[in-house]
Asker: 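If you scroll down you'll find the structure; I have some questions about it.
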Amino acid sequence: MRHRSVAELMTPTAVSVGRQTPFKEIVRLLDEFDITAVCVVDEENRPLGVVSEADLVRRHAAGSGTDTAGALMSSPAVVAHPDWSVVRAARVMDRAKVKRLPVTGTDGRVVGVLSRSDLVRLFLRRDRAIQEEIVEDVMTRTLGLHPSDVSVEVEDGRVTLSGTVRRPGLVPVLLRLCNSVDGVVGVVDRLRRDDRTSSTGR
């Protein structure tokens, strides 16, 4: 079982600008590509910073609309890497209070961009895919539970578990792992705990 990686969800092309790109050109790019920020890069496509809608509004409110990207950008750029899990990227995004992360490769150059909307796509995973991951990865491979013991139903990302677990100590682990599966929005516990096996072993 694993979370999706940044490489799997990112947009492989990032809209970027140079340090000297003027205010109005940045505004035009945000409108044309329907995005909320652009990455500012150097001559070798390495990120220097990010100019967001908030940066533009803040500078415009200060009475200047002629600044360049280099003057407007928030720096240094907060970036992600392709091999990161989406959970790690989401935490970085939340901590930095940003909506988009430039993604850089091992050479430090921009290879894509991960947006908040890309992360939201996780919750659009098909119920069948979520069910299969829980049954095959969580229950069978990770916990060694037999699929016939626990019924897994998924509707609109909400997982309902029912049946009998003969090792009650596994239930909290099962619930936690199900909640961590990409696309799951909640888990309903209708499991029965059967501790007769552990009782006879005392």
Side-chain angles (χ1 to χ4, degrees), residues 2-127 129-130 133 156-158 179-186:
R2 68 175 183 85
H3 286 291
R4 302 306 183 270
S5 69
V6 167
E8 292 175 277
L9 285 184
M10 72 178 189
T11 301
T13 54
V15 179
S16 57
V17 299
R19 192 194 297 266
Q20 299 304 318
T21 304
F23 181 100
K24 287 189 176 181
E25 175 64 12
I26 297 171
V27 172
R28 186 190 68 78
L29 289 170
L30 295 183
D31 179 64
E32 178 181 347
F33 292 96
D34 192 24
I35 54 179
T36 59
V38 292
C39 184
V40 184
V41 297
D42 63 15
E43 294 76 10
E44 296 184 337
N45 203 35
R46 291 188 171 90
L48 299 171
V50 171
V51 178
S52 68
E53 290 175 327
D55 294 321
L56 297 176
V57 170
R58 193 160 43 242
R59 188 53 59 96
H60 182 69
S64 173
T66 59
D67 291 301
T68 61
L72 289 163
M73 68 182 181
S74 300
S75 181
V78 180
V79 302
H81 300 288
D83 60 344
W84 280 12
S85 74
V86 292
V87 173
R88 181 176 180 181
R91 287 174 178 164
V92 169
M93 199 177 288
D94 180 65
R95 188 164 58 244
K97 307 300 181 193
V98 295
K99 297 179 181 179
R100 297 167 69 85
L101 294 174
V103 182
T104 57
T106 55
D107 59 1
R109 292 181 172 85
V110 176
V111 295
V113 62
L114 182 75
S115 68
R116 188 177 294 175
S117 60
D118 293 326
L119 297 179
V120 170
R121 278 167 37 206
L122 284 180
F123 297 101
L124 300 179
R125 285 187 76 194
R126 297 190 179 203
D127 291 340
I130 295 172
E133 183 170 344
D156 295 331
R158 185 167 297 277
N179 269 304
S180 71
V181 170
D182 291 333
V184 170
V185 299

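The figures here come from the full heavy-atom set of this structure, side chains too, leaving out hydrogens, waters and symmetry mates.
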Asker: Specify the closest pair of heavy atoms between V6 and V86, including all atoms of both residues, with the distance to one decimal.
Answerer: N-CG1, 4.2 Å

Asker: Which residue pairs pass the ring pair (Phe, Tyr, Trp, His ring centres under 6.0 Å) test with at least one member in residues 88-121, sequence neighbours excluded?
Answerer: none

Asker: Would you name the heavy atoms of D127 and G157 that are closest together and state the gap between them?
Answerer: OD1-N, 3.0 Å

Asker: Taking P22's backbone N and O only, do any of them form a donor-acceptor pair with E25's side chain (distance below 3.5 Å, no angle check)?
Answerer: no

Asker: Excluding sequence neighbours, so at least two apart, what forms side chain to side chain contact (heavy atoms under 4.5 Å, CB included) with V50?
Answerer: A37, A77, P102

Asker: Look up atom CZ in R4 and atom CG in D182, then write down how far apart they are to the nearest 0.5 Å.
Answerer: 5.0 Å

Asker: Give every residue pair that meets the side chain to side chain donor-acceptor pair (under 3.5 Å) criterion with at least one member in residues 80-90, sequence neighbours excluded.
Answerer: H81-T104

Asker: Check whether any side-chain heavy atom of V181 sits under 4.5 Å from a side-chain heavy atom of R125, and report yes or no.
Answerer: yes

Asker: Does the side-chain contact (heavy atoms from CB on, under 4.5 Å) test come out yes or no for D156 and V185, once each step is laid out?
Answerer: CA-CA 8 Å; D156 295 331; V185 299; over 6 Å; no

Asker: Does a side-chain heavy-atom distance below 4.5 Å link V113 with I35?
Answerer: no

Asker: Indicate yes or no: at least one non-hydrogen side-chain atom of S16 is less than 4.5 angstrom from one of V110.
Answerer: no

Asker: State the OG1-CZ distance between T11 and F33, to the nearest 0.5 angstrom.
Answerer: 12.0 Å

Asker: Could you tell me the separation between the CE atom of M93 and the CG atom of L101, rounded to the nearest 0.5 Å?
Answerer: 4.0 Å

Asker: Hey, could you give me each pair passing side chain to side chain donor-acceptor pair (under 3.5 Å) that has a residue in residues 44-56? Not counting sequence neighbours.
Answerer: E44-R46, S52-D55, D55-R58, D55-S74

Asker: Looking at G70 and M73, what are the two nearest heavy atoms and their distance?
Answerer: O-CG, 3.7 Å

Asker: Determine the minimum heavy-atom distance between V79 and P47, stating which atoms define it.
Answerer: CG1-CG, 4.0 Å

Asker: Write out all pairs satisfying salt bridge (Lys or Arg N to Asp or Glu O under 4.0 Å) with one or both partners inside residues 91-108, taking only residues at least two apart or from two chains.
Answerer: D107-R109

Asker: Suppose we screen for salt bridge (Lys or Arg N to Asp or Glu O under 4.0 Å). Which residues come up paired with E32, at least two apart in sequence or across chains?
Answerer: R28

Asker: How long is the straight-line distance from CG of L119 back to CG of L114, given to the nearest 0.5 Å?
Answerer: 5.0 Å

Asker: State, to 0.1 Å, how close V40 and A69 come at their nearest heavy-atom pair, and which atoms those are.
Answerer: CG2-CB, 3.9 Å

Asker: Distance check, rounded to the nearest 0.5 Å: D67 atom CG versus L72 atom CG?
Answerer: 5.0 Å

Asker: Of the options L29, V51, V41, T68, which is the one that meets V17 in a side chain to side chain contact (heavy atoms under 4.5 Å, CB included)?
Answerer: L29

